[in-house]
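Report on the following structure.
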Amino acid sequence: MNLRALGVFRAVAASGSQAAASRTLNVAPSAISRTIAELEAELGFALFRRERGRLIPTQPGRAFAVEVERVFREIDGLAASARALRAKGGDRVRALVPPSLAQKFLPVAVVRFAKAHPSTQLDIDYGSAPMAMAALAEGRIDVAVISLPVDAGGRDVVPLMDVETVCLVPRDHRLAAKPAIEPKDLDGEPVILINRRFAFRERLDDLFRRAGSVPKVRVETSSGSAAVGCAQAGVGIAVVSRLIAQAADGDPSLAIRPFRPTVWQKFAAVLAETARGPAVDGFVKALRGAASAYRRGR
C-alpha cells in the first residue's frame, strides 16, 4: 500500500467514476482500474460496487475512506508545518526550563543564541522536572533544563551550573544581622517558599523537619519575581536560589544571606533522543555560555 494507490482510491470515491478520477489525476483509466484491483487484493475486501454506472463505496470501503482522509489531512498538516518553518528560516528549538531561571539566566542564553542563530525560532515554556521529562518522552520539546537528580532515561545530559540557596531577609529583621540563616532560625517565621511540586521544596522541607523547625508558610509560588516581590513587600523571608535573589541586588530594604546547610540546585540540559542539529547544539552552547557567565559573576 502506498500514497499513490490511496490517492487513486480517494479520487474514485470522491467522483464515483474511474473516468472522472482518470481526468482528475491525468492517469489512464486502465491504470486507475488496475490500481483499485491491486488495492482491493491487498486489503482483502471490495472497495466499490457498481450501481447504475457509478462506483459506490462498500461499507468497508466507506470506513476505509474515512481513514484515508485522515491520512491526507495529516499530510496536509505536515506540508503546512514545513511552509511555516521555511517562512521562519527553516528551524525551531522547543525548550522547557524551570521558572527560577526565567529572570536572569534565560535572557542571557537567549541573547547569545539569537546572535548566533538569527533565523531560528525559540519556543520556551516553564515547568518542573517531571513536566520536562514528560514533555521529552512525548516529543513535545527538544531540550529540557532541569534540576538534578533525575532519571534521564539514557538521554544526553549536559551539566550547566550549581546554584546555592539564600534567604531574602528584611533589612530591619533580627536575622539580617546573622552571616547565614539556618533552618532552626526560621521556626515560627513567616516565609515564602517554592511550590511543593518542585524537588527543591522537598529538600527544604526535609531540612526543616530534621531541625524541628516549623516556619509559617505565607506564600507558595513557582514565580521567582513573585517571591522577590513578596519579600520586598514585607510578607516574609523568601528562601530562594541565588539566581532569583539577583533580582533584589541593590534593594536597600532586603539583605541576602546564605542558607546553611547549603542546598545546591544542580542544573543540566537534557536533550530529546531526536534532538540533533546546529540549532539544538547552538541552544545548548548558549545555555553553557550563560552558565559560565553566572559562575564568573556570582
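Just so you know, residue 1 is the first one in the sequence shown, and it goes up from there.
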Minimum heavy-atom separation for [X] and [Y], please, with both atom names.
X	Y	answer
Leu3	Phe72	O-CZ, 4.1 Å
Ala231	Ile192	N-CD1, 3.5 Å
Ala132	Ile141	O-CD1, 3.7 Å
Ala176	Val169	N-CG1, 3.8 Å
Ala5	Leu39	O-CD2, 4.0 Å
Leu207	Pro183	O-CB, 3.9 Å

With rounding to the nearest 0.5 angstrom, report the [atom1] to [atom2] distance, [X] to [Y].
X	Y	atom1	atom2	result
Leu168	Ile256	CG	CD1	5.5 Å
Ile194	Ser241	CD1	OG	8.0 Å
Arg257	Ile237	CZ	CD1	11.5 Å
Leu193	Cys230	CG	SG	11.5 Å
Ile181	His173	CD1	NE2	8.5 Å
Ile146	Leu101	CD1	CG	11.5 Å

* Asked: Does Phe105 have its ring centroid less than 6.0 Å away from the ring centroid of Phe267?
  -> no
Is it the case that over 12 heavy atoms from other parts of the model lie below 6.0 angstrom from the [atom1] atom of [X]?
X	atom1	value
Lys178	NZ	yes
Arg201	CZ	yes
Arg155	CZ	yes

Taking side chain as C-beta onward, heavy atoms only, is [X] less than 4.5 Å from [Y]?
X	Y	value
Phe113	Val284	no
Leu96	Tyr126	no
Val191	Arg218	no
Ser128	Met131	yes
Arg242	Thr165	no
Leu186	Val239	yes
Gln59	Arg62	yes
Val166	Phe259	no

* Does any donor atom in the side chain of Asp251 or Gln232 lie under 3.5 Å from an acceptor atom in the other side chain? -> yes
Cationic N near anionic O, under 4.0 Å, [X] to [Y]:
X	Y	result
Arg94	Asp123	no
Arg203	Asp206	no
Glu189	Arg174	yes
Glu164	Arg260	yes
Arg10	Glu69	yes

* To do: For the pair Asp187 (side chain) and Pro215 (backbone), establish whether a donor and an acceptor sit closer than 3.5 Å, ignoring hydrogens and angles.
  => no
* **Donor-acceptor contact below 3.5 Å, side chain Ser33 vs main chain Pro29** => no
Would you be so kind as to tabulate the donor-acceptor pairs closer than 3.5 Å made by side chains of residues 43-50, with sequence neighbours excluded?
from: Arg49; atom 1: NE; to: Glu51; atom 2: OE1; distance (Å): 3.4
from: Arg49; atom 1: NH2; to: Glu51; atom 2: OE1; distance (Å): 3.2

Examine [X] and [Y] and state if one hydrophobic cluster contains both, with Ile, Leu, Val, Met, Phe, Trp and Tyr joined whenever side-chain heavy atoms are less than 4.5 Å apart.
X	Y	value
Val157	Trp264	no
Val219	Phe208	no
Val235	Val228	no
Val145	Leu106	yes
Val240	Leu204	no

* Which of these passes side-chain contact (heavy atoms from CB on, under 4.5 Å) with Phe283: Asp142, Leu271, Val143? -> Val143
* Take Ser253 and Arg171 through the side chain to side chain contact (heavy atoms under 4.5 Å, CB included) test and state the conclusion after the steps. => CA-CA 5 Å; Ser253 69; Arg171 185 73 64 176; 5.6 Å; no
Output side-chain donor-acceptor pairs under 3.5 Å for residues 15-25, partner residues at least two apart or in another chain, one line each.
from: Ser15; atom 1: OG; to: Ala11; atom 2: O; distance (Å): 3.0
from: Ser15; atom 1: OG; to: Ser17; atom 2: N; distance (Å): 3.3
from: Ser15; atom 1: OG; to: Ser17; atom 2: O; distance (Å): 3.0
from: Ser17; atom 1: OG; to: Ala19; atom 2: N; distance (Å): 3.1
from: Ser17; atom 1: OG; to: Ala20; atom 2: N; distance (Å): 3.1
from: Ser22; atom 1: OG; to: Val27; atom 2: O; distance (Å): 2.2
from: Thr24; atom 1: OG1; to: Ala20; atom 2: O; distance (Å): 3.0

* Derivation and outcome, salt bridge (charged side-chain N to carboxylate O under 4.0 Å, His left out), residues Asp205 and Arg196 -> CA-CA 9 Å; Asp205 287 345; Arg196 295 180 185 276; 3.1 Å; yes
* Apply side chain to side chain contact (heavy atoms under 4.5 Å, CB included) to Arg73 and Arg70, showing your working. => CA-CA 5 Å; Arg73 281 197 303 273; Arg70 180 183 60 79; 3.7 Å; yes
* Asked: Would Phe64 and Leu6 count as a side chain to side chain contact (heavy atoms under 4.5 Å, CB included) if you check the C-alpha gap in whole Å, the side-chain angles of each, and the deciding distance to 0.1 Å?
  -> CA-CA 10 Å; Phe64 186 64; Leu6 296 180; 3.7 Å; yes
* To do: Using salt bridge (charged side-chain N to carboxylate O under 4.0 Å, His left out) as the criterion, list what pairs up with Asp156, not counting sequence neighbours.
  => Arg276
* Verify side chain to side chain contact (heavy atoms under 4.5 Å, CB included) between Met133 and Val150, making sure each step is shown before the conclusion. => CA-CA 9 Å; Met133 298 312 296; Val150 71; 3.7 Å; yes
